[in-house]
Amino acid sequence: MPLVTSTEMFKKAYEGGYAIGAFNVNNMEIVQAITEACKEEKAPVILQVSKGARAYANHTYLVKLVEAAVIECPDIPIVLHLDHGPDFETCKACIDGGFTSVMIDGSSHSFKDNIELTKKVVEYAHDHGVVVEGELGTLAGIEDEVSHEEGSYTRPEEVEEFVSKTGVDSLAIAIGTSHGAYKFKPEQCTVNEKGILVPPTLRFDILEDVSRRLPMFPIVLHGSSSVPQEYVKMVNDNGGKMPNAIGVPEEQLRKAASLSVCKINIDSDLRLAMTGTIRKFFNEHPDKFDPREYLKPARANIKEVVRHKLIDVLGCAGKA
Ligand code: G3H
Ligand code: 13P
Ligand code: ZN
């Protein structure tokens, strides 16, 4: 089947109490790893491209890689989505250039300016059969090289006005997740009986309030990597230095997926699997220099991380 929008996917996900994985893609190996796992697990998927990915790999290369995945995986629905679209022009370039979904991230603007910008993107996108994700509230962490020290939670009292005035198809909200591999400072965490740091619980009260105000409306969670400690250790054991890398516990994401969250964004976990695997390979094989030899195990490990997410976290395996 050709690329699809997320409309049907989100409707089924909402009703079925699961979420669609939105994985960031930057190169061929990552596209292959994600889509092979989704093909084998019969899972619908969103492949998303950030401004940084377009700058790194070039718009056309990324679209063609995703089109190749569509040919290789004819039986699963695939969405091509712009992640954190910074302005109208970038959204327009992606809408004109083959994407089926865009995010306009107006979260750093005032509420009024966010509405105005998002509405402009929605009008253009809907005229072209493309769906739009908006954002209210800001996540802590790094968004396209801009660092937000402190996030600010979404204000539930703003969501109805935002959605009705803009016409967005889905809404990203801030309930305590953040971008990158360092989501929580150790001092924000408690220590459990095994000596493991346990991060603070996400603000499910905000999610529930938002969902009450927007019945059946798809909610999106950014910054939802869990930062698997197995890969943090692999990085650190092989010359890396990632102290105190902490992610969102997977049980909390599973709970969010069973509620109104229909799209869960995961990027850092795939980066960690790739980097850990390549570091280990180089450590064990200092004489090797053929990129295929280290990209192959990296791709295989990303694929297993994605498979685990589909089955155990998102609940979307078998839903294609
Ligand atoms: O939210 C950001 C995504 O992880 C993409 O990151 O801007 O480094 O491509 P990037
Ligand atoms: P992570 O950094 O937690 O993987 O979040 C990715 C993301 O939100 C992309 O938009
Ligand atoms: Zn994000």
Side-chain angles (χ1 to χ4, degrees), residues 6 19-27 30-31 33-34 45-59 61-62 65-66 79-87 90-91 94 99 101-108 132-148 151-152 154 170-184 199 202 219-229 231-232 235 242 244-250 252-253 256-257 261-276 302 305-306 308-309 313-314:
S6 48
I20 311 296
F23 301 100
N24 289 70
V25 298
N26 290 277
N27 63 23
I30 298 174
V31 172
I34 298 164
V45 67
I46 298 172
L47 299 178
Q48 55 186 16
V49 168
S50 68
K51 175 184 163 197
R54 287 177 86 238
Y56 169 75
N58 169 305
H59 177 99
Y61 277 94
L62 290 168
L65 285 172
V66 170
V79 173
L80 175 54
H81 173 77
L82 169 66
D83 189 28
H84 293 285
D87 48 42
T90 309
C91 292
C94 290
F99 284 46
S101 174
V102 294
M103 173 190 192
I104 175 68
D105 184 351
S107 60
S108 59
V132 180
E133 173 186 326
E135 179 168 341
L136 270 181
T138 51
L139 274 68
I142 296 169
E143 284 184 7
D144 261 322
E145 295 140 37
V146 183
S147 174
H148 306 278
S152 59
T154 301
S170 61
L171 181 67
I173 62 168
I175 59 166
T177 62
S178 67
H179 290 107
Y182 303 92
K183 299 189 187 301
F184 305 100
L202 298 179
I219 301 301
V220 177
L221 279 193
H222 282 249
S224 296
S225 276
S226 296
V227 189
Q229 293 303 302
Y231 283 113
V232 174
V235 166
M242 296 187 67
N244 300 324
I246 303 169
V248 182
E250 290 187 334
Q252 293 188 37
L253 296 169
V261 171
C262 295
K263 172 175 181 271
I264 293 190
N265 286 10
I266 298 168
D267 184 13
S268 299
D269 286 356
L270 311 194
R271 294 180 180 195
L272 262 176
M274 184 160 208
T275 302
I302 296 171
V305 169
V306 172
H308 163 66
K309 300 284 177 187
V313 181
L314 302 156

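When a ligand or atom number is given, it counts from 1 through the structure's own listing order. A quick note: this is a predicted structure, and the numbers were derived from the prediction, not measured.
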H222 heavy atoms within 4.0 Å reach ligand 2 at atoms 8 (O), 10 (O)
H222 ND1 to H179 NE2 via the Zn ion (ligand 3), rounded to 10°, gives 120°
Per-atom filter on ligand 1: closer than 4.0 angstrom to a heavy atom of N24 are 3 (C), 5 (C)
Heavy atoms of S224 and T177 approach each other most closely as OG-CG2, 4.2 Å
When distances are taken from atom 8 (O) of ligand 2, the protein heavy atom at minimum range is G223 N, 2.7 Å
Here the gap from S178 atom OG to H222 atom NE2, rounded to the nearest 0.5 Å, amounts to 12.5 Å
| query | Does V248 offer a backbone N or O that forms a donor-acceptor pair with the side chain of S226 under 3.5 Å? | reply | yes
(message) For V220, is there any backbone N or O sitting under 3.5 Å from a side-chain donor or acceptor partner on K263?
(response) no
State whether the shortest distance between N or O atoms of H179 and N or O atoms of ligand 1 falls below 3.5 angstrom. yes
Residue, atom and distance of the protein heavy atom nearest atom 6 (C) of ligand 2 read D267 CB, 3.7 Å
From the list N24, D105, N265, side chain to side chain donor-acceptor pair (under 3.5 Å) partner of H84 resolves to D105
N or O contact, H84 vs ligand 2, cut-off under 3.5 Å:
yes
Heavy-atom proximity to atom 10 (P) of ligand 1 ranks first, among K51, H84, R271, for R271
When distances are taken from atom 3 (O) of ligand 2, the protein heavy atom at minimum range is K183 NZ, 2.5 Å
So the atoms of ligand 2 within less than 4.0 Å of a heavy atom of Q48 turn out to be 9 (C), 10 (O)
| message | Using only atom types and a distance under 3.5 Å, with no angle test, would you say the side chain of T154 pairs donor to acceptor with the backbone of I173? | response | no
Near N24 (heavy-atom distance under 4.0 Å), the atoms of ligand 2 are 9 (C)
- prompt: Is there a donor in the side chain of E250 and an acceptor in the side chain of H308, or the other way round, less than 3.5 Å apart?
  reply: yes
Review point. Should R271 be listed as contacting ligand 2, given a heavy-atom distance under 4.0 Å as the test?
Key: no
among protein heavy atoms, the one nearest atom 7 (C) of ligand 2 is H179 CD2, 3.4 Å
(request) Please confirm whether N265 comes within less than 3.5 Å of ligand 2 when only nitrogen or oxygen atoms on both sides are compared. (result) yes
At under 4.0 Å between heavy atoms, what of S224 touches ligand 2? The answer is backbone
- Main-chain N/O of S152 paired to T138 side chain as donor or acceptor, under 3.5 Å: yes
Point to revise | D269 side chain to S225 backbone, donor-acceptor under 3.5 Å | key: no
Practice prompt. Could you check if a side-chain atom of I30 sits within less than 4.5 angstrom of a side-chain atom of I34, using non-hydrogen atoms only?
Written response: yes
Checklist line | Contact check: I266 vs ligand 2, nitrogen or oxygen atoms, below 3.5 angstrom | finding: no
Within the 4.0 Å heavy-atom cut-off, what D83 brings close to ligand 2 is side chain
